[in-house]
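See structure below.
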Amino acid sequence: MSKRKMRALIGGREARQRSYWWAKVRITTYITLVVLQLILIVYASYWGLPHVGFTGLLWQLIATSSPALLFVYVVLIIVVGVKMNRLTTYEERHKSSNFEEEERKWRKNAGLLGLMLVVLIMIGGFIAGSMGVFNYVKDLKSGTKVELMTLNEVLYKHHVARSKRVYDLFFPKVGAGEYTMCFASCSEKDKWGLTKNHYFKFSQYETDAVDQVLRGVLVNDKAFSALQFMEETDAKGLRGRGFREGLINGGTPVSYLVTYYPHSQTFVSVKRIRGK
């Protein structure tokens, strides 16, 4: 064997070894990202993620895109795994007397894999769209909106996950609380010509934002705070409770200038209009 062929053979082996090493690095990275996404999903289900402001917008974008990202990571792991399999079987195929036929099969399979990737990317985009991911992306581009609204409803729900008694030591009772506030727009109408309602969600830790809305508002002729509302709900063993506009402020509309992200309905801040 000539020196040129020897150098080409050695260079080809080194290139395949580098490619194989990078494939392992990528698969390890994708698996790590899958684990992180699963941890995020579990954390969001049991403890809750921020909902308010730009930080809440980013966290909710990550949380809602998790199913699509998991799908993409699994596809990438399969694709890189196929490449690793091709690299590991290269020497055996090179020794085969029917090498050209096998190369032709690999090129055909690579073409089919490319078409499959296009279809899978479209499926991933459909999953992302159905989860509302694009609404968060639109809000990142368009920014916030300020609108005059009246408070219609205040809700609180506490989702509790209970483990079996034998596992209580390792998996104690946990749960994520969530506030939902409904505001009626003073200017916008929905597609049926009725008053458009906006629903803003708050995690159980964002009591400051909830109190910002409830400050000075009476429910059943009594003032209450977000923390008090949550404690009373849990103390009575309720999964949730709420008040509608007939009980809020004695039925008198409470008006606010609400700053929010319009597409994802992400709350930013509120300013109550005095005398309303």
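Counting from 1, the numbers follow the sequence of the chain as shown.
- Taking Y256 as the reference, F183 meet the ring pair (Phe, Tyr, Trp, His ring centres under 6.0 Å) condition, with sequence neighbours excluded.
- Residues T28 and Y30 fail the side-chain proximity criterion, which asks for heavy atoms closer than 4.5 Å.
- Taking the side-chain hydrogen bond (donor to acceptor under 3.5 Å, both in side chains) definition, one finds that S203 meets it with E206, sequence neighbours left out.
- Inter-residue side-chain proximity for S187 and L148 is flagged as unmet; no heavy-atom pair is nearer than 4.5 Å.
- F200 has its side chain within reach of V258: a pair of non-hydrogen atoms, C-beta onward, lies under 4.5 Å apart.
- Legend: residues meeting ring pair (Phe, Tyr, Trp, His ring centres under 6.0 Å) with Y261, ordered by chain and number and at least two apart, are absent.
- For the pair H198 and E188, the minimum side-chain heavy-atom distance is below 4.5 Å.
- By the side-chain hydrogen bond (donor to acceptor under 3.5 Å, both in side chains) test, T207 pairs with no residue at all, sequence neighbours left out.
- Separating the CD1 atom in I77 from the CD1 atom in I27 is a distance of 7.0 Å, to the nearest 0.5 Å.
- K196 pairs by the salt bridge (Lys or Arg N to Asp or Glu O under 4.0 Å) definition with nothing, not counting sequence neighbours.
- Scanning for salt bridge (Lys or Arg N to Asp or Glu O under 4.0 Å) contacts around R244 gives E153, with sequence neighbours left out.
- Taking Q37 as the reference, L40, S66, L69, L70, Y73 meet the side chain to side chain contact (heavy atoms under 4.5 Å, CB included) condition, with sequence neighbours excluded.
- V254 places none of its side-chain heavy atoms less than 4.5 Å from the side chain of T150.
- Judged purely by atom type and a 3.5 angstrom limit, R272 has no side-chain atom pairing as donor or acceptor with the backbone of L214.
- Judged as a side chain to side chain contact (heavy atoms under 4.5 Å, CB included), and not counting sequence neighbours, the contacts of L61 are V133, Y136, V137, L140.
- Close placement of the F243 and F229 rings is indicated, their centers lying within 6.0 Å of each other.
- Formation of a donor-acceptor pair under 3.5 Å by the E178 side chain with backbone atoms of Y156 is not found in this model.
- Between V52 and F202, the closest side-chain pair of non-hydrogen atoms falls below 4.5 Å.
- One finds the NZ atom of K271 at 7.0 Å from the CG atom of L257 (value rounded to the nearest 0.5 Å).
- For the atom pair I62 CD1 and I41 CD1, the distance stands at 12.0 Å (nearest 0.5 Å).
- No donor-acceptor contact under 3.5 angstrom links the side chains of D211 and S225, judged on distance only.
- Taken from OG in S255 to CD1 in I273, the straight-line distance is 5.5 Å, to the nearest 0.5 Å.
- Applying the side-chain hydrogen bond (donor to acceptor under 3.5 Å, both in side chains) criterion to Q228, with sequence neighbours excluded, gives E232.
- Between D208 atom CG and R215 atom CZ the span is 8.5 Å, to the nearest 0.5 Å.
- Residues that satisfy the side-chain hydrogen bond (donor to acceptor under 3.5 Å, both in side chains) test with T32, not counting sequence neighbours, are absent from this structure.
- With a 4.5 Å cut-off on side-chain heavy atoms, Q60 and L49 count as touching.
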Exercise for the section: Applying ring-ring contact (aromatic ring centres under 6.0 Å, His included), run through H51 and F267 and close with a yes or a no. Expected result: CA-CA 7 Å; H51 287 80; F267 180 90; over 10 Å; no
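- Within the structure, salt bridge (charged side-chain N to carboxylate O under 4.0 Å, His left out) contacts touching residues 24-39 (residues at least two apart or in different chains) do not occur.
- Considering only heavy atoms from C-beta on, Y199 stays 4.5 Å or farther from M181 through its side chain.
- Closest approach of V210 to A226, counting heavy atoms only: CG1-CB, 3.6 Å.
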Handout entry: E147 vs S185, side chain to side chain donor-acceptor pair (under 3.5 Å): CA-CA, chis, key distance, verdict
Key = CA-CA 7 Å; E147 189 175 343; S185 174; 2.2 Å; yes
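- Rounding to the nearest 0.5 Å gives a distance of 7.5 Å between NZ of K189 and CG of L194.
- For the ring pair (Phe, Tyr, Trp, His ring centres under 6.0 Å) test, no residue two or more places apart in sequence or in another chain qualifies with H263.
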